[in-house]
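Just so you know, these numbers come straight off a predicted model, no measurement behind them. Order of listing sets the numbers, starting from 1, for every ligand and every atom in it.
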Amino acid sequence: MTIQISEYIDAIPDFPKPGILFRDISPLLNSPEAFSLAVDQLADYAKSLGASSLVAIESRGFIFGAPVALRAGLPLALVRKPGKLPGTTERIDYGLEYGSDALEIKHGVIQAGTRVAIIDDVLATGGTAAATASLIARLGASVAGYVFLAELCGLGGRSKLGDVPVHSLLDF
Ligand code: AMP
C-alpha cells in the first residue's frame, strides 16, 4: 500500500483561535510507517541543501529535526523559546500567525561562516522561520535553505525567506 503522508495530517478549524485552520500532525506521529517515510523525505531535502548543520525550531520542529539530522548525518542545533537555553544566547522578537513570540539560539552551536539548513513542521506566515534566519545571521552564518513538512501556501510565508531553496513535503 502506498502511503500518502497528507492523509496523516488533520485539519482542525478554529484552533487555537477562531479563524485558524490548525494542521495537526498527531496522526502522522501515530503511524511509524508514515512518520518514517516523512523523515526519509525530509532528510533527502536536508542533504540536498549541502548545509553543514541543521537548525530545528521549537517545538514541533524538534520532532522532525532530531530524526532528520540523524538520517542526514548533520549536527543538530536548537532554536528555543526564551529562557530555556543555558549560557549566553542571541534573542529575537517576532510576530506569528496567532500572536507574537521570541526565539533564542545558544552561542557556540553554529560556527561563523558556515551554511545551515532550517527545519520546522509548518511554514505559515514565515515569521518564525525568518526570525530564525536572523538569529543565524547574527552568529555570522548563513541559511542554505529550509525544510518543512507542510506549507500553508495561501499565507505567502515563502516570500519572507529570501532567495534560497524552500522545500516542503506537503502543500495546503
Ligand atoms: P509562521 O511563523 O506563521 O510561519 O508559523 C510557523 C509556526 O507556527 C510553526 O512553528 C508552526 O508549528 C506553527 N503554525 C502556524 N500556523 C499553523 C497552523 N495553521 N497549523 C499548525 N501549525 C501552525
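Close contacts between ligand 1 and L152 involve ligand atoms 18 (C), 19 (N) [criterion: under 4.0 Å to a heavy atom]. Residue-ligand proximity, D120 to ligand 1, at heavy-atom distances under 4.0 Å covers atoms 9 (C), 10 (O). Close approach of ligand 1 to D121 (heavy-atom distance below 4.0 Å) involves ligand atoms 9 (C), 10 (O), 11 (C), 12 (O). Remark: ligand 1 atoms within the under-4.0 Å shell around heavy atoms of T128 are 1 (P), 2 (O), 5 (O), 6 (C), 7 (C).
Taking both residues in full, the closest heavy atoms of L74 and S52 are given as CD2-C, 4.0 Å, listed atom of the first, atom of the second, then distance. In plain terms, the two heavy atoms of A56 and F62 that are nearest each other are O-CE2, 3.4 Å. When all heavy atoms are compared, the tightest approach of S159 to G156 is OG-O, 2.7 Å.
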Sequence neighbours left out, cut at 3.5 Å: what donor-acceptor pairs do the side chains of residues 133-145 make with other protein atoms?
residue : atom : partner : partner atom : Å
S134    : OG   : A130    : O            : 3.2
R138    : NH1  : R91     : O            : 2.6

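Between A129 and ligand 1, no N or O atom pair is found at a separation short of 3.5 Å. The distance criterion of under 3.5 Å between nitrogen or oxygen atoms is met by R23 with respect to ligand 1. Here's the thing with Y94: none of its N/O atoms is less than 3.5 angstrom from an N/O atom of ligand 1. Between G126 and ligand 1, at least one pair of N/O atoms sits closer than 3.5 Å.
Under the 4.5 Å side-chain contact rule for hydrophobic residues, I3 and L29 share a cluster. Y94 and L85 are assigned to two separate hydrophobic clusters, defined by single-linkage of ILVMFWY side chains at heavy-atom distances under 4.5 Å.
Of all the listed residues (I20, L149, T125), T125 holds the heavy atom that lies closest to atom 3 (O) of ligand 1.
Applying the ring-ring contact (aromatic ring centres under 6.0 Å, His included) test to residues at least two apart or on different chains, the pairs with a partner in residues 150-172 are Y45-H167.
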